[in-house]
Amino acid sequence: MKLTINGIKDTAKWQAAGVELPSYDVEKVAAATKESPVWVHFGAGNIFRIFIGGLADRLISQGEMEKGITCVETFDFDVVDKIYKPYDNLVLAVTLKADGSTEKQVIGSLTEAIKAQSADEVQWNRLKTIFENPGLQMISFTITEKGYALKNADGGFFPFIQADIDNGPEKPGSAMAVVCALLFERYKNGGAPLAVVSMDNCSHNGEKLQASILTMAKEWQKKGFVDEGFVAYLEDEKKIAFPWSMIDKITPRPAESVCDELKKLGVEDMDPVITGKRTYIAPFVNAEGPQYLVVEDKFPNGRPALEKAGVYMTDRDTVNKVERMKVTTCLNPLHTALAVYGCVLGYTLIADEMKDTELNRLVHEIGPVEGMPVVTDPGILSPKDFVDEVINVRIPNPFMPDTPQRIATDTSQKVGIRYGETIKSYVAKYGDAKKLKAIPLAIAGWCRYLLAVDDNGEAFELSADPMVEELTARLKGIELGKPETYTGQLKEILSNVHIFGIDLYEAGIGEMIEELFKEEIAGPGAVRATLKKYLSE
């Protein structure tokens with residue numbers, strides 16, 4: 001069985017293997033899409049293929065859409081050559097269920113794959129033609145938050161961005177320059193409206209995307225590449241809208257176990273590839289079942305009936321509230337606590353941590369107990385139901401190959417949102433945050449993690465983090481088994497408003513975190529003993 005247009009015509013074999021096939025004519029949909037695309041997506045990776053591609057697949061199956069999505073890769077062009085073209089743009093979507101079973105489905109909604117290479121005349125002209133088409137309704141993005149960044153920590157443009165500014169719209173290289181150049185083509189060819197929709201997992205994503213594209217346009221205007229009318233076109237939300245969104249679906253790397261299962265069923269050529277740019281990707285995508293997409297309903301040129309595929313279409317304020325609910329209370333703070341303690345306690349799978357009595361109790365305390373009194377309720381989703389699903393279904397799923405080491409990445413950039421916002425809410429509501437017990441324990445755990453020594457006294461490698469050198473330098477002199485070597489080294493970290501969004505001493509919990517940390521460095525086994533002490537029934 002081959003995952004190709006011809007391969008899926010042998011429907012009996014696929015059905016016998018338990019794989020659902022598209023109910024529509026994939027070739028007919030692809031031909032209609034190529035003739036007049038309505039939806040272009042930038043960032044052709046895993047979450048797009050299974051989630052966004054799955055939404056379009058459902059709408060086509062329901063007769064709500066006649067066309068699929070045009071896929072554009074802006075960063076790793078091997079993905080197009082190795083994962084899209086050999087498989088006729090088909091995706092084998094594998095949903096990992098908590099009982100160990102899988103649901104398998106071929107998605108046929110990804111109709112064309114294009115490399116955003118301005119140096120490739122054929123590819124570049126194809127993109128220009130698509131953007132000149134007044135019938136194009138929306139472009140969407142899953143390029144990660146880094147894809148929107150134009151400036152370095154010192155506030156200057158990255159060299160590759162400066163090159164894009166100097167080269168102008170004819171030779172763009174970065175994603176933001178590519179998109180800005182294509183919007184310029186649209187402007188020159190009648191200036192039809194368009195929705196430009198970030199679906200990346202970051203706060204205020206539409207605002208970030210808008211700011212980056214406008215910055216590029218204004219820099220080009222200064223150099224005379226574009227006129228002021230183009231900038232005005234981008235600034236007019238009746239012409240170019242930048243809706244905000246919130247996306248949530250855990251989509252890990254392709255799992256070896258899934259690959260083996262597919263091979264046993266007789267599906268050929270399923271092996272993952274690692275591209276030249278270190279993208280780990282396969283013809284199949286494995287992910288959890290639960291998924292959420294909340295989008296601000298601002299589409300000046302019309303849109304597909306996304307709500308009929310389960311997307312929440314709403315206003316900007318509600319999108320912001322859903323994002324805040326997830327990131328500050330119901331999911332991300334729990335993940336971070338499991339990440340840092342998981343590394344210290346020797347875990348390599350997040351799901352396994354939920355079988356740990358103390359860690360299970362810790363996330364219950366952080367979310368349902370401490371988070372709920374100050375949670376932002378968006379109205380369209382129940383915070384209680386959301387956090388219950390996270391704790392009881394999503395995180396414990398033993399077939400989700402997600403690791404504490406991956407989630408511990410960049411923790412210094414996350415704790416301000418994931419814990420700082422709840423701490424600030426407690427200060428506003430109660431005068432201080434002294435009622436909190438589990439969140440201080442999570443922060444103490446992060447500080448203990450930064451020692452890079454596990455609970456057995458063995459060294460381990462810290463996950464990547466832009467502040468790791470600065471933070472570990474501040475902890476110099478602290479030794480496991482010698483609490484007396486702690487002489488206040490945490491004070492500069494815990495009082496740093498740039499890290500937590502608030503001075504934790506002013507919030508009334510700085511000293512508490514110091515005491516918890518001292519208990520956790522008492523010697524081997526002290527982390528476990530501390531968790532037992534504070535999380536016993």
Side-chain angles (χ1 to χ4, degrees), residues 1-41 44-73 78-97 101-115 126 130 251 254-273 281-287 289 304 308-309:
M1 290 150 58
K2 286 186 178 290
L3 185 65
T4 60
I5 296 289
N6 281 330
I8 64 170
K9 288 176 181 173
D10 191 350
T11 56
K13 283 185 180 176
W14 290 92
Q15 285 167 357
V19 181
E20 184 184 339
L21 296 175
S23 61
Y24 50 88
D25 184 331
V26 175
E27 290 172 289
K28 184 179 174 184
V29 168
T33 309
K34 283 178 187 174
E35 189 177 327
S36 182
V38 293
W39 183 353
V40 171
H41 186 91
N46 287 330
I47 193 167
F48 160 66
R49 293 161 71 213
I50 196 167
F51 190 175
I52 312 306
L55 296 176
D57 186 83
R58 193 179 315 168
L59 290 173
I60 297 167
S61 298
Q62 293 170 357
E64 297 291 345
M65 270 174 68
E66 295 177 353
K67 297 173 182 176
I69 304 176
T70 303
C71 318
V72 182
E73 179 53 40
D78 280 354
V79 169
V80 172
D81 291 331
K82 295 182 177 180
I83 295 298
Y84 278 77
K85 286 188 177 170
Y87 302 93
D88 294 336
N89 305 328
L90 298 173
V91 182
L92 185 45
V94 181
T95 301
L96 306 169
K97 313 278 273 189
S101 65
T102 58
E103 285 181 3
K104 296 171 284 294
Q105 174 195 4
V106 173
I107 291 173
S109 60
L110 310 183
T111 54
E112 185 177 9
I114 305 169
K115 303 174 194 175
R126 174 63 184 144
I130 290 169
T251 311
E256 200 174 304
S257 57
V258 174
C259 185
D260 290 344
E261 180 193 354
L262 294 172
K263 285 179 180 177
K264 282 176 189 169
L265 291 171
V267 188
E268 299 174 42
D269 303 325
M270 285 291 106
D271 288 316
V273 299
I281 196 164
F284 64 91
V285 182
N286 46 235
K308 293 186 178 177

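This structure is a prediction, so every number in the text was calculated from the model and none was measured.
In this structure, T4 contributes its side chain and Y87 its backbone to no donor-acceptor pair below 3.5 Å. T33 places a side-chain N or O within 3.5 Å of a backbone atom of G68 that can act as its donor or acceptor partner. Side-chain atoms of Y24 come within 3.5 Å of backbone N or O of S109 as a donor-acceptor pair.
Of the residues listed (T95, V94, V91, D57), the one engaging Q105 in a side chain to side chain contact (heavy atoms under 4.5 Å, CB included) is D57, and it is the only one.
Of all non-hydrogen atoms in G45 and I281, the two that sit nearest each other are CA-CD1, 4.4 Å. Of all heavy-atom pairs spanning W39 and A56, the tightest one is CZ3-CB, 4.3 Å. Closest of all the heavy-atom pairs between I8 and P22 is CD1-CD, 4.4 Å. Shown here for N46 and P254, the closest heavy-atom pair between the two residues is ND2-CD, 4.2 Å. Residues E73 and A44 come closest through the heavy atom pair OE1-N, 2.9 Å. Residues D88 and I5 come closest through the heavy atom pair OD2-N, 2.9 Å.
Distance check, rounded to the nearest 0.5 Å: OG of S23 to CD of Q62 gives 9.5 Å. Rounding to the nearest 0.5 Å gives a distance of 10.5 Å between CD of E268 and CG of L3. Atom-to-atom distance recorded for I83:CD1 and F284:CZ is 9.5 Å, nearest 0.5 angstrom. Distance check, rounded to the nearest 0.5 Å: OG1 of T11 to CG of L21 gives 7.0 Å.
Counting heavy atoms from C-beta on, the side chains of I107 and R49 never come closer than 4.5 Å. K104 places none of its side-chain heavy atoms less than 4.5 Å from the side chain of V267. Taking 4.5 Å as the limit, every side-chain heavy atom of C71 sits out of range of all side-chain heavy atoms of H41.
Crowding of K9 atom NZ: a count of heavy atoms from other residues, nucleotides or ligands under 6.0 Å exceeding 12. The environment of CD in E66 is sparse: at most 12 heavy-atom neighbours from other residues, nucleotides or ligands sit within 6.0 Å.
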- Task: Evaluate the criterion salt bridge (Lys or Arg N to Asp or Glu O under 4.0 Å) for residue pair K263 and D271; output intermediate values, then yes/no.
- Result: CA-CA 9 Å; K263 285 179 180 177; D271 288 316; 2.6 Å; yes
